[in-house]
Amino acid sequence: MAYFESPEFGKYLEPKNVFDYLNDSMAQFINNNNIWARNSTTPAVRIICAIMLRIGFILIQAGSIPVENAYMILFRNIFEIVTSVAAYGFLGYYFSFGKKTIYGFMNYEGYIGGQNADLSFAALGFSSCLLGTAISSSMLVARLHQLPMLIIAFLTSGVFLPILMCWCWSKHGWMTAMKLINQRVSVKDYGANLVVHVPSATIGLVGALCLRTRILKLKDVDRKSLRNEYSSRMVTGYLFIIIGHFGFYLPYAAYEPQHALMDYVNHISINSIMATGAGILVVILVMVLLTRDIYRYWIVVRSLQGGLAGLVTVAAGIDVYSHLESFGIASGGGMIFFFTSNLIHYSPLENCCNIVTIYLVCASIGILLPPLFDSRENLGLTIPFSLQFIDLLWQFLCLITIFLLTVIIFVSLFSLLYATGILKNFKKENHQRAQILHRKLPWKEEISPENNWSGMSNAFIAA
């Protein structure tokens, strides 16, 4: 992903461009078409993986949210995807990677169809918006009607996330060139923890707290949809999401010349699979030790969620961590995920993908770790503790700034939608009638715990 540092505002004193150490002939050799042929391939792979990621979220939503018609989930997601694509294509790219800037807070000039448009950054922006709307909609799809969801998707992809991309990823961004305690600092957010994961999860959290109840109609649930095929659908969905993250973290075309010479594609890919494996392993071991029962639905689902949590935890610095560091950090992220998810599992904040735990808690912790574990962009140099502390402080300040800004903006947006009558949800009486109906259903005892019906029922009642 993106980590921009101009020479005069660099985080480190050493030159970031490895070509500075090479003569002209060697630089010309490195820049030939054979070396950079993947510049066109990587954005395509990133977009394909982003689409796979959205498919994974759709499979999980369709398999875990009881609704009167499964096509509602499909239609809403498809409509949201095309809304997000249109919003970023016609508006968002202008704000995120425009050629000029307003003091680093918002870019402008240039559009995605322009002759000088950087399509590698455009692919990065599209993928980020698809991921961001998938995270927020996973918490809101069972709580909101169609119109407010589309409004949120349009504003998120067209304005809000692009502005955050400008702050953290654009060469003009104010978070990439600041002075703190007489030290030049630049935010480190390679894997979009700060730009996408935290704000998108915060949007979902704000919506869940504002709306509280969910749109669920237990009287219309088809019991057959909650049997054996349900588990395979969920596992497939999580695998698609993990693969989507693998592609999302691939380096873009302009990344490698700004950093020490290294095979970043393979380095990041190995770190990704190490982090995923560590998260899965830790969660499986903990659950087996606590439950002593390995053949259960929640063992499988929680383990896959733990792998995703480990991957998100290392995302901010996945390009600079060693493989051992990635495994260790992801193991810690898996532990944090397990204990945090248990706290909210039966609360109204519980959702099909554990969004709050993975994309808010683990991502927030992950954004603070690069200053503690990276080594001057793999140049093999030791960072003084004073510089580490300043970098850590800047990471924390950026995190708090974006989190509070997200809360303020979207609390205001939800309040405005409510005041205008656009924000509609089913009344509480509908949920009470559904609870009474559920107690009287003759087939409710037939559904086994492995299908997680009891977990969803308890979560529904808590909601």
Open item on the list: With a 4.0 Å cut-off on N to O distance, would you call Lys188 and Asp319 a salt bridge?
Closed with: yes

Open item on the list: Under a 3.5 Å threshold, yes or no: a donor from one side chain and an acceptor from the other, between Thr202 and Thr406?
Closed with: no

- [ ] Apply side-chain contact (heavy atoms from CB on, under 4.5 Å) to Ser170 and Thr101, showing your working.
- [x] CA-CA 10 Å; Ser170 169; Thr101 185; over 6 Å; no

Calculate, to the nearest 0.5 Å, the distance between atoms [atom1] and [atom2] belonging to [X] and [Y] respectively.
| X | Y | atom1 | atom2 | value |
| --- | --- | --- | --- | --- |
| Ile280 | Leu311 | CD1 | CG | 10.0 Å |
| Ile390 | Asn182 | CD1 | CG | 8.0 Å |
| Asn77 | Arg54 | CG | CZ | 5.0 Å |
| Met175 | Gln395 | CE | CD | 10.0 Å |

Open item on the list: Has Glu109 got a side-chain atom pairing as donor or acceptor with Lys100's backbone, closer than 3.5 angstrom?
Closed with: no

TODO: For Tyr93 and Pro162, indicate whether the former's side chain and the latter's backbone hold a donor-acceptor pair under 3.5 Å.
DONE: no

TODO: Begin from the C-alpha positions of Tyr249 and His245 and carry the test ring pair (Phe, Tyr, Trp, His ring centres under 6.0 Å) through to its verdict.
DONE: CA-CA 6 Å; Tyr249 296 148; His245 279 278; 5.7 Å; yes

Open item on the list: Testing the basics here: between Phe95 and Gly158, what is the closest heavy-atom pair and its distance to 0.1 Å?
Closed with: CD1-O, 3.4 Å

What is the ring orientation for [X] with [Y], classed by angle as parallel under 30°, tilted 30 to 60°, or perpendicular over 60°?
| X | Y | answer |
| --- | --- | --- |
| Phe105 | Trp167 | perpendicular |
| Phe414 | Phe410 | tilted |
| Trp174 | Trp394 | perpendicular |

Task: Enclosure of Ile273 CD1 (heavy-atom neighbours >12, cutoff 6.0 Å) - done: no

TODO: Give a yes or no on whether Phe246 atom CZ has more than 12 heavy-atom contacts from other residues, nucleotides or ligands under 6.0 Å away.
DONE: yes

Open item on the list: Could you tell me if the side chain of Ser157 sits less than 4.5 Å from the side chain of Thr133, heavy atoms only?
Closed with: yes

TODO: Show your working on side-chain contact (heavy atoms from CB on, under 4.5 Å) between His197 and Ile135 and close with a plain yes or no.
DONE: CA-CA 8 Å; His197 298 158; Ile135 293 172; 4.0 Å; yes

TODO: Go through the steps to decide whether Phe57 and Ile355 satisfy the test side-chain contact (heavy atoms from CB on, under 4.5 Å), and finish with yes or no.
DONE: CA-CA 11 Å; Phe57 275 103; Ile355 296 298; 4.2 Å; yes

